[in-house]
Amino acid sequence: MEFDVVIIGGGLAGLTAGLALQEKGKRTAIVSAGQNALHFSSGAFGLLDAEDPLQAAKELPEHHPYARIGAENLPKYTEAAKALFGKAGIALNGEPLKNGWRLTPQGGLKRAWMTLPEVDIFPDKEAIKGHKVLIVNLLGYLDFNTSFLALGLEKQGCSCRIETLRLPEMERLRENPSEMRSVNIARVMDSAWIKVAAEIKTLVKDEDWIILPLVFGLKDATVPDRIREAVPAKVLFVGTMPPSVPGMRTQMQLKKAYEALGGTFLMGDEAISAKTEGSRVLSVSTRNLGEVKAAEFVLATGSYFSKGIASDMNHVFEPIFGADVLLDEGRSAWYDPDFFSPQAFLSYGVATDGQFRVLKDQAPMDNLHAIGSVLGGARSLELGCGAGVAILTALSVAETI
Ligand SMILES: Cc1cc2nc3c(=O)[nH]c(=O)nc-3n(C[C@H](O)[C@H](O)[C@H](O)COP(=O)(O)OP(=O)(O)OC[C@H]3O[C@@H](n4cnc5c(N)ncnc54)[C@H](O)[C@@H]3O)c2cc1C
């Protein structure tokens with residue numbers, strides 16, 4: 001098999017790059033081993049955890065992905081991302097390069113760059129103060145902690161009341177507590193949401209906010225909005241324990257849009273090794289297809305979580321190409337013994353040149369770029385920039401190719 005571009009990894013970064021490249025007329029394939037970080041997403045995408053993210057991006061060290069893209073290019077790619085996702089049916093909330101706030105499952109606030117359609121983004125912290133809130137859960141659903149949420153909101157000056165709905169449609173799921181997971185519930189809710197909305201109408205007293213767990217809109221993205229229209233108060237959806245319903249739907253929407261543009265998504269396949277000649281990659285071998293050739297390759301395999309970066313007691317390495325990894329010298333510098341401190345090893349990843357060409361033995365590979373959380377140099381947990389790095393590096397590399 002031969003393509004213009006082979007992308008390894010079908011998470012947020014790989015799918016964004018695939019969509020952008022297909023749009024430009026390239027013939028691409030995405031090799032995708034399995035679950036990705038979107039399946040655990042809060043429904044909010046982070047850029048940088050700063051009041052002014054554009055200014056903060058200008059102050060980053062030169063090996064940070066945003067410094068490589070150039071802070072001046074971030075607005076252009078942000079607009080491009082909104083347009084690209086819009087064509088896939090995903091209307092992202094949020095203003096380009098202006099952080100807002102999203103409500104957390106603990107009733108607090110966290111900075112957000114853009115959010116998926118059902119997750120509200122507030123312009124400032126005052127917007128969540130002083131509301132009368134009705135929190136509604138579904139009987140037997142333990143992955144949405146209503147008491148935590150209420151406690152957090154009460155600290156913001158809200159008053160909260162908690163109610164639980166018992167729907168006959170969920171009796172079968174309730175028989176086995178391990179079936180009461182977000183995705184299973186969401187499957188039922190694609191039709192049972194009408195009853196939820198009707199029940200809520202009978203429960204509302206003088207509340208101006210109603211909060212529901214984010215278990216709506218798995219297949220039908222319009223369900224959250226239809227609930228909003230049917231209920232006489234502002235409805236907010238708050239994230240639950242994984243799997244993430246909006247994250248899984250987003251992955252399906254991006255994949256569908258990618259395939260509609262002619263892309264080949266090799267679901268459940270895995271790149272095992274690569275054949276190289278000098279500074280060029282000739283092909284990758286996948287578990288199902290054997291050798292796959294292309295003119296260009298993109299590494300979008302994620303971090304430790306997705307096995308894009310692997311480790312043993314003494315090494316941190318990239319398993320397919322044996323690419324150089326950006327890390328601290330000396331194992332003792334990799335981690336802080338205080339479990340709750342920021343951990344250095346989490347930011348380790350593939351080393352690249354200024355155009356995201358992967359370095360091997362300190363020299364760039366001509367036709368291999370890296371994007372997303374496989375990249376070294378982005379302390380995504382500390383800086384709150386995981387999805388931003390995935391989307392913006394994908395668009396930057398797609399443009400380079
Ligand atoms: C649990 C978790 C939750 C997160 N939540 C958020 C959030 O809410 N907001 C936010 O901004 N950021 C979040 N992040 C940060 C996250 O890294 C980014 O948001 C982003 O989704 C990463 O996308 P990615 O495509 O680079 O990597 P991933 O999503 O990790 O995708 C990599 C893909 O590559 C595949 N792969 C790996 N090796 C191979 C191989 N050899 N062959 C084929 N395929 C392979 C993996 O199976 C996986 O599907 C989260 C991260 C984690 C780990």
Side-chain angles (χ1 to χ4, degrees), residues 6-19 29-49 53 65 81 92 94 99 102 104-105 110-116 119 121 214 238-248 250-251 254-255 258 265-274 284-289 292 297-310 317-323 346-347 349-350 356 369-376 378-395 397:
V6 164
I7 299 159
I8 310 165
L12 186 57
L15 278 164
T16 304
L19 268 173
I30 297 178
V31 188
S32 178
Q35 257 192 353
N36 62 73
L38 270 178
H39 296 178
F40 296 76
S41 167
S42 58
F45 294 161
L47 181 63
L48 276 167
D49 189 11
L92 295 172
N99 272 333
R102 63 136 175 131
T104 70
K110 213 169 166 186
R111 277 209 174 91
W113 167 46
M114 295 195 284
T115 60
L116 294 174
V119 177
I121 186 162
L214 230 175
V238 169
T240 66
M241 294 288 278
S244 160
V245 170
M248 288 183 72
T250 300
Q251 204 255 348
L254 291 174
K255 175 176 169 284
Y258 170 72
F265 196 88
L266 301 168
M267 179 86 114
D269 203 355
E270 184 183 1
I272 311 287
S273 61
V284 291
S285 283
T286 80
R287 202 174 283 286
N288 297 340
L289 289 178
V292 184
F297 293 84
V298 179
L299 186 66
T301 45
S303 189
Y304 303 94
F305 174 78
S306 293
K307 303 197 178 102
I309 298 296
F317 57 97
E318 184 286 307
I320 305 170
F321 297 92
L346 288 173
S347 70
V350 161
F356 298 108
H369 291 84
I371 57 175
S373 55
V374 73
L375 283 167
R379 288 185 185 250
S380 52
L381 292 182
E382 254 171 84
L383 298 176
C385 56
V389 167
I391 294 172
L392 298 173
T393 56
L395 292 175
V397 162

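Reckoned from all heavy atoms, side chains included, excluding hydrogens, waters and symmetry mates. Just so you know, ligand 1 is whichever comes first in the structure, and atom 1 is the first atom listed for that ligand.
Residue Leu289 holds its CG atom at 12.5 Å from CD of Glu270, rounded to the nearest 0.5 Å. Atom CG of Leu15 is separated from atom CD1 of Ile30 by 4.5 Å, given to the nearest 0.5 angstrom. From Lys110, atom NZ reaches atom OG of Ser42 across 7.0 Å, with rounding to the nearest 0.5 Å. The CG atom of Leu214 lies 14.5 Å from the CE atom of Met241; values are rounded to the nearest 0.5 Å. Taking CD1 from Ile371 and CG from Leu12, the interatomic distance works out to 9.0 Å, rounded to the nearest 0.5 Å.
Nearest approach of Ile121 to Gly94, heavy atoms of both residues: CG2-N, 4.0 Å. Across every non-hydrogen atom of Ile7 and Ala300, the tightest pair is CG2-CB, 4.2 Å.
Heavy atoms from both the backbone and the side chain of Phe40 come within less than 4.0 Å of ligand 1. Under 4.0 angstrom from ligand 1, there are no non-hydrogen atoms of Cys385. With a 4.0 Å heavy-atom cut-off, ligand 1 is reached by the backbone of Ala300 but not by any atom from C-beta on. In Asp269, the part holding a heavy atom less than 4.0 Å from any atom of ligand 1 is the backbone. At a 4.0 Å heavy-atom cut-off, ligand 1 does not touch Thr286 at all.
Near Ser373, the atoms of ligand 1 lying under 4.0 angstrom from a non-hydrogen atom of the residue are 17 (O), 22 (C), 24 (P), 26 (O), 27 (O). Which parts of ligand 1 touch Gln35 is read off a 4.0 Å heavy-atom cut-off, strictly below it: atoms 46 (C), 47 (O), 48 (C), 49 (O). Interface of Glu270 with ligand 1, defined as ligand atoms under 4.0 Å from a residue heavy atom, comprises 40 (C), 41 (N), 42 (N), 43 (C). Against a heavy-atom cut-off of under 4.0 Å, Ser306 is close to the following atoms of ligand 1: 28 (P), 30 (O), 31 (O), 32 (C), 37 (C), 38 (N), 46 (C), 48 (C). Ligand-side atoms of ligand 1 in range of Phe45: 11 (O), range being under 4.0 angstrom from any heavy atom. Residue contact check: Gly372 has heavy atoms under 4.0 Å from atoms 26 (O) of ligand 1.
Of all the listed residues (Gly9, Gly302, Ala390, Ala387), Ala387 holds the heavy atom that lies closest to atom 10 (C) of ligand 1. Counting only non-hydrogen atoms, the option in Ile7, Ile309, Thr301 that gets closest to atom 32 (C) of ligand 1 is Thr301. Residue Gly386 holds the heavy atom nearest to atom 15 (C) of ligand 1 of all those in Gly386, Gly14, Ser42. When Ala271, Ser273, Gly11 are ranked by how near their heavy atoms come to atom 41 (N) of ligand 1, first place goes to Ala271.
Residue Ile8 forms a side-chain contact (heavy atoms from CB on, under 4.5 Å) with just one option from Asp269, Thr301, Val374, and that option is Thr301.
Taking distance alone, with nitrogen or oxygen atoms compared against 3.5 Å, Gly34 approaches ligand 1 more closely than that limit. For a threshold of 3.5 Å applied to N or O pairs, the pair formed by Ile320 and ligand 1 contains no separation below that value. Residue Ile371 places no N or O, backbone or side chain, under 3.5 Å from any N or O of ligand 1. The shortest N or O to N or O distance between Ser303 and ligand 1 is not below 3.5 Å. In terms of polar-atom proximity, defined here as any N/O pair under 3.5 Å, Gly308 makes no such contact with ligand 1.
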Next item on the list: Apply the test side chain to side chain contact (heavy atoms under 4.5 Å, CB included) to residues Leu47 and Leu392: give CA-CA distance (whole Å), side-chain angles for both, the deciding distance (0.1 Å), then the verdict.
Entry: CA-CA 9 Å; Leu47 181 63; Leu392 298 173; 3.7 Å; yes
Next item on the list: Go through the steps for Val350 and Phe321 under the test side chain to side chain contact (heavy atoms under 4.5 Å, CB included), then give the verdict.
Entry: CA-CA 10 Å; Val350 161; Phe321 297 92; over 6 Å; no
Notebook entry, point to check: How far apart are the C-alpha atoms of Thr393 and Thr16, what are their side-chain angles, what is the distance that settles it, and do they pass the side chain to side chain contact (heavy atoms under 4.5 Å, CB included) test?
Noted result: CA-CA 9 Å; Thr393 56; Thr16 304; over 6 Å; no
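Taking the six-membered ring for Trp, Phe40 and Phe305 have ring centres closer than 6.0 Å.
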